[in-house]
Amino acid sequence: MGDVEDDELLAIGAFARRARLSPKALRLYDRQGLLPPDRVDPVTGYRYYRESRLAAARLIVRLRGLDMPLTTVAEVLAAPGPEAAGLVAAYWESVEHRVAAQRELAAHLRIRLSGGEGRLDMYGIEQREVPEQLVLTEQRHAGPEDLPVWIPQACDRLAEAAKAYGGVAAAPFVVYHGEVNEDSDGPVEVCVPIDPAHAGSVAHAHRTEPAHREAYTTISKAQVAYPQILSAYDAVFEWAHAEGRAVVSSPREVYFADWATAAAGDPVCDIAVPVA
C-alpha cells in the first residue's frame, strides 16, 4: 500500500483503542454488519479501518451504553440525522415505560410477599355516584395476555358504532364478570356509554348499566399492566371490607385518558368496585 493509504488506515488494535472498543467487539460488529473493516489482509486476515470510521464506532459504544439491541443500533447508524435522533428517542421512551412497569411490578410483589402491608398507603380510595348509563357492549372470555390487544380494539369498534348514536357519552369501562388470571378467563365486557335518548333504537349489542355508588382508586399507565394491576383491585376490596361496604356488582376499569399519548406515569384508569 502507498504512504497515503497507510495513513488512512488503522490496524484493528489501534482502532479499537481509539474507539474504546475491544477487538472482540469489533469482530462481533463485523459479523453483524454494523462496522465491517475497510480492508482485510488476504494473507494474515488482519482487519484495517479508516480513521474516519471512528465516529461511527464511538456512536455504537454510546448506543450500547443505553443497552440498545444491535438491530436497533443498525437502524440508527443507517438513518439520516433527524431520523436517527427520533429512533433514539423512541427507544428510550420504550425503556422508560418498561422500567416504570417493572417498578410497579416490584411494588406489587413487595406488597404480596409482605402479606398486603402498605397496600392502602399506596392507593388512595375515593367514592362517587355513577348515574344509570346506556352502553354499547362487547364481551368475551380472555386471558391476561389477550386483554392489552382486545380491550383497545373493542373500544375502537364500539366508539365507531357509537357515532350512529351521537358519539361516546362518557368514559369507556371494562367489567370483569369473572376473575382473569393464569387459570381463569372472565368473561370480560367492554362498555362504551352513549346518549340514553337513543334507548329503543340501538341496533348494536347494548344494555343499561344501573346507577350505583362505587369505591375507586386511580392508577397510572404503568400500573395497568398485569399482574401489578391486581394490587389496586386488592386495595379497593380491602377498603370496602374495612368500611363494612358490601360489594354489589362486578369490579371494573374506567379508562378516562388517551392511552396512546399517555406517559408511563400519567393517570389513565380508575379501578372501581360498586358498593352498597
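Just so it is clear, the values below take in all heavy atoms, side chains as well, and ignore hydrogens, waters and symmetry mates.
A 4.5 Å side-chain heavy-atom check between L105 and P227 finds at least one atom pair inside the cut-off. At a threshold of 4.5 Å between non-hydrogen side-chain atoms, the residues C155 and V190 count as touching. Inter-residue side-chain proximity for L158 and P172 is flagged as unmet; no heavy-atom pair is nearer than 4.5 Å. Side-chain contact check for R39 versus R47: every heavy-atom pair is 4.5 Å or farther apart. Using a 4.5 Å heavy-atom threshold, the side chains of Y226 and E182 count as touching. Between L26 and L35, the closest side-chain pair of non-hydrogen atoms falls below 4.5 Å.
Following chains of ILVMFWY side-chain contacts shorter than 4.5 Å, one can reach V95 starting from V76, so the two form part of one hydrophobic cluster. Cluster membership check: V40 does not share its hydrophobic cluster with L34, using side-chain heavy-atom separations under 4.5 Å among Ile, Leu, Val, Met, Phe, Trp and Tyr. Linking ILVMFWY residues whenever their side-chain heavy atoms come closer than 4.5 Å, directly or via other members, leaves V175 and L134 in distinct clusters. Clustering ILVMFWY residues whenever any of their side-chain heavy atoms sit less than 4.5 angstrom apart, transitively, puts V99 in the very cluster that holds V88. Under a hydrophobic clustering in which Ile, Leu, Val, Met, Phe, Trp and Tyr are joined whenever their side-chain heavy atoms come within less than 4.5 Å, directly or via other members, V254 and V168 fall into different clusters.
The hydrophobic cluster containing V130, built from Ile/Leu/Val/Met/Phe/Trp/Tyr side-chain heavy atoms closer than 4.5 Å, comprises no other residue.
Summarising the geometry, atom CG belonging to L70 is positioned 10.5 Å from atom CZ belonging to R31; distances are rounded to the nearest 0.5 Å. Rounding to the nearest 0.5 angstrom, the gap separating the CD atom in E126 from the OG1 atom in T217 is 8.0 Å. The CD atom of Q133 lies 10.0 Å from the OG1 atom of T208; values are rounded to the nearest 0.5 Å. Taken from CG in L230 to CD1 in I111, the straight-line distance is 11.0 Å, to the nearest 0.5 Å. Put simply, CH2 on W239 and CD1 on I125 are 8.0 Å apart, with the number rounded to the nearest 0.5 Å. Interatomic distance, L63 CG to T72 OG1, rounded to the nearest 0.5 Å: 9.5 Å.
By the salt bridge (charged side-chain N to carboxylate O under 4.0 Å, His left out) test, K24 pairs with no residue at all, sequence neighbours left out. With sequence neighbours excluded, the residues that form a salt bridge (charged side-chain N to carboxylate O under 4.0 Å, His left out) with E238 are R119. For R53, the salt bridge (charged side-chain N to carboxylate O under 4.0 Å, His left out) criterion is met by D38, not counting sequence neighbours. In this structure, F173 has no ring pair (Phe, Tyr, Trp, His ring centres under 6.0 Å) partners at least two apart in sequence or on a different chain. When the salt bridge (charged side-chain N to carboxylate O under 4.0 Å, His left out) test is applied to E243, no partner is found at least two apart in sequence or on another chain.
Under the 3.5 Å distance criterion, the side-chain polar atoms of R157 are left unmatched by any main-chain donor or acceptor of A161. Although no hydrogens or angles enter the test, the distance criterion places no donor-acceptor pair under 3.5 Å between the side chain of R245 and the main chain of A215. Counting only distance, with no hydrogens or angles, the side chain of N181 and the backbone of D183 share a donor-acceptor pair below 3.5 Å.
When every heavy atom of T137 is checked against every heavy atom of C191, the shortest pair comes out as CG2-SG, 4.1 Å. Scanning both residues, P251 and V273, for their nearest heavy atoms gives CB-CG2, 4.0 Å. Between V135 and P193, the shortest heavy-atom distance links the atoms CG1-CA, 3.8 Å. A pairwise comparison of heavy atoms in K221 and A260 identifies NZ-O, 4.4 Å as the closest pair. For the residue pair V275 and A240, the shortest heavy atom distance occurs at CG1-CB, 4.2 Å. I219 and I229 get closest at one heavy-atom pair: CD1-CG1, 3.9 Å.
For residues 10-36, the pairs satisfying ring pair (Phe, Tyr, Trp, His ring centres under 6.0 Å) are F15-Y49, with sequence neighbours left out. Applying the side-chain hydrogen bond (donor to acceptor under 3.5 Å, both in side chains) test to every pair with at least one member in residues 140-155, sequence neighbours left out, gives these pairs: E138-W150, H141-D185. Listed by first and then second residue, the side-chain hydrogen bond (donor to acceptor under 3.5 Å, both in side chains) pairs that reach into residues 94-103 are W92-E96, R98-Q102, sequence neighbours excluded. Residue pairs meeting the salt bridge (charged side-chain N to carboxylate O under 4.0 Å, His left out) criterion with at least one partner in residues 206-220, sequence neighbours excluded, are R128-E214, E129-R213, E189-R207, R207-E209, E209-R252. For residues 253-274, there are no ring pair (Phe, Tyr, Trp, His ring centres under 6.0 Å) pairs, not counting sequence neighbours. Residue pairs satisfying the ring pair (Phe, Tyr, Trp, His ring centres under 6.0 Å) criterion with at least one member in residues 193-224, sequence neighbours excluded, are listed as follows: Y165-H198, Y165-H204.
Shown here is R17, whose CZ atom has no more than 12 heavy atoms of other residues, nucleotides or ligands within 6.0 Å.
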| request: Please lay out, stage by stage, how L147 and Y176 fare under the test side chain to side chain contact (heavy atoms under 4.5 Å, CB included). | output: CA-CA 11 Å; L147 297 181; Y176 291 85; 3.7 Å; yes

| said: Could you walk me through whether E253 and Y233 satisfy the side-chain hydrogen bond (donor to acceptor under 3.5 Å, both in side chains) test, starting with their C-alpha distance in whole Å, then the side-chain angles of each, then the deciding distance to 0.1 Å, before giving a yes or no? | reply: CA-CA 10 Å; E253 297 160 9; Y233 276 104; 2.9 Å; yes

| task | Could you give me the CA-CA distance, side-chain angles and deciding distance for V247 and F237, then say whether side chain to side chain contact (heavy atoms under 4.5 Å, CB included) is met? | result | CA-CA 8 Å; V247 174; F237 277 104; 3.8 Å; yes

| task | Please assess V188 against H177 for the test side chain to side chain contact (heavy atoms under 4.5 Å, CB included), listing each intermediate value before the final yes or no. | result | CA-CA 6 Å; V188 183; H177 297 289; over 6 Å; no

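For the 3.5 Å distance criterion, the side chains of E104 and Q223 qualify, holding a donor opposite an acceptor. In this structure, a donor-acceptor pair under 3.5 Å is absent between the side chains of E75 and Y91.
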